[in-house]
Amino acid sequence: PVGSQSAAKTFLVTNMGPVASSVLHMEYGGADTAAFLTTETGTCVFESVGLLAGESCTVDIHFRPATEGAKSGALIVSADGSGVATATMTGTALPAVTQVATGVAHTCATNGSMAWCWGDNSTGQLGDGTFSSRLSPTTVPGLATVVEIATGSWHTCARQADGGVLCWGANDLGQLGDGSTTSRAVPTPVPGLTLVMQLALASTHSCALRVDGTVFCWGSNVVGQLGDGSTTNRAVPTPVSDLTEVVEITADYTEAVSGFGYTCARRSNGTVLCWGHGAFGVAMSAIHDIPTLVPGLADIVGIRGGGQHIC
């Protein structure tokens, strides 16, 4: 992405001649030389020493573009009277990252178009078609124009520009919303869910806010966190009971292992309602299976849930 720096690419320089070379020189050629940066980690020493016959050294180069688009350059290593070696360098600069989301042990990012994930992948939560963990960002295939990325503890969902949603990762309680309880290692469409404007994921449940101000949730419902008036798990998006004019949602878990969680919604009139596991500022009942008004709040302009608290 623009403004970020790639891992170093190592180039090997070898003196193929029968005698030692003169002092090594290095320069950049091509149209986009500023996008390619020499590091201090290579073993070549320029403007000081040469290479013995058959000897090699390395040059480490980073790609750090300042603007979008394809970039090209050339790495030129020479020794006076001993020859010139040229390596072509190319790279494509993507738009800068616009959002980052983190789960228990994985992280995802989007630039408003593509998505990348890295970290633990034991449930397929990186979406790259494997269950192998990744130490660096890995492109999530099968997505088009990602405008939002959201992570639960062990699952991930993406909202696309057309308002559709795809999810992947753990699905033991239906939190991917595809009608099954089978974990998925690739992005899988959530059927019947359209015109979504925001996502909110917790440990084992997921919710989506539609442009008409309604909210749908799916996954674990053991403490009523889906808000449909029951404690029955749902493997497909299920409308939250008697809730309209919502402009923002948030969700989190109170006990990750047990699947306890909650969801809250901010309405256009500045009030906040919550459901699931927690008191939410009302009578100290542990479970609310329908949206419950949080008293004492008015003209609220933003909400955010933490593990066991809401602000």
Side-chain angles (χ1 to χ4, degrees), residues 1-10 62-65 68 70 90-191 193 196 198-208 218-220 235-237 251 253 256:
V2 170
S4 65
Q5 183 168 286
S6 70
K9 176 71 175 180
T10 299
H62 283 302
F63 179 54
R64 190 170 71 186
E68 296 178 25
T90 61
T92 300
L94 301 171
V97 168
T98 56
Q99 185 201 0
V100 176
T102 59
V104 166
H106 78 291
T107 303
C108 295
T110 180
N111 61 3
S113 177
M114 300 174 63
W116 299 264
C117 293
W118 61 97
D120 178 59
N121 198 26
S122 57
T123 63
Q125 63 264 51
L126 303 189
D128 66 351
T130 77
F131 293 93
S132 300
S133 297
R134 306 294 181 182
L135 297 179
S136 60
T138 300
T139 301
V140 182
L143 298 176
T145 317
V146 176
V147 294
E148 182 184 8
I149 196 87
T151 51
S153 292
W154 298 279
H155 71 296
T156 309
C157 294
R159 175 171 60 92
Q160 300 191 136
D162 62 2
V165 175
L166 298 93
C167 296
W168 57 95
N171 197 29
D172 52 315
L173 296 171
Q175 57 265 50
L176 300 189
D178 67 349
S180 78
T181 54
T182 302
S183 296
R184 310 290 183 183
V186 295
T188 302
V190 180
L193 193 61
V196 172
Q198 188 200 347
L199 298 171
L201 273 58
S203 179
T204 53
H205 80 285
S206 309
C207 294
W218 59 96
S220 173
V236 295
Y253 62 86

Residue pairs passing the disulfide bond (SG atoms under 2.5 Å apart) test where at least one lies in residues 121-157, sequence neighbours excluded: C157-C167
Non-hydrogen atoms of W218 and V236 that approach each other most closely: CB-O, 3.4 Å
OG1 on T151 to NE2 on H106, rounded to 0.5 Å: 5.0 Å
Smallest separation among heavy atoms of Q99 and V147, with atom names: OE1-O, 4.4 Å
For L166 against G142, the heavy-atom pair lying closest together: CD2-O, 4.2 Å
Heavy-atom check, side chain of V186 versus side chain of W168, under 4.5 Å: no
Side chain S153, main chain G103, donor-acceptor under 3.5 Å: no
Between CD1 on residue I149 and OG1 on residue T98, distance to nearest 0.5 Å: 10.0 Å
Selection residues 92-156 - residue pairs positive for disulfide bond (SG atoms under 2.5 Å apart), sequence neighbours left out: C108-C117
Minimum side-chain heavy-atom gap W154-V104 below 4.5 Å: yes
Side-chain donor/acceptor of S220 to backbone N/O of L173, under 3.5 Å: no
Sequence neighbours excluded, every pair satisfying side-chain hydrogen bond (donor to acceptor under 3.5 Å, both in side chains) that has a member inside residues 119-132: D120-S122, D120-Q125, N121-D128, N121-T130, T123-Q125, D128-T130, D128-R134, T130-R134
Exercise: identify the closest heavy-atom pair between V97 and A109: CG1-CB, 4.0 Å
Closest heavy-atom pair and its distance - P187, V140: CG-CG1, 3.5 Å
Non-hydrogen atoms of G112 and T145 that approach each other most closely: O-CG2, 4.0 Å
T110 side, atom OG1; R159 side, atom CZ - distance, nearest 0.5 Å: 10.0 Å
Nearest-0.5 Å distance that lies between atom CG in L126 and atom CZ in F131: 10.5 Å
4.5 Å side-chain heavy-atom contact, T188 and L176: no
Flag, side chain of Q5 to backbone of R64, donor-acceptor distance under 3.5 Å: no
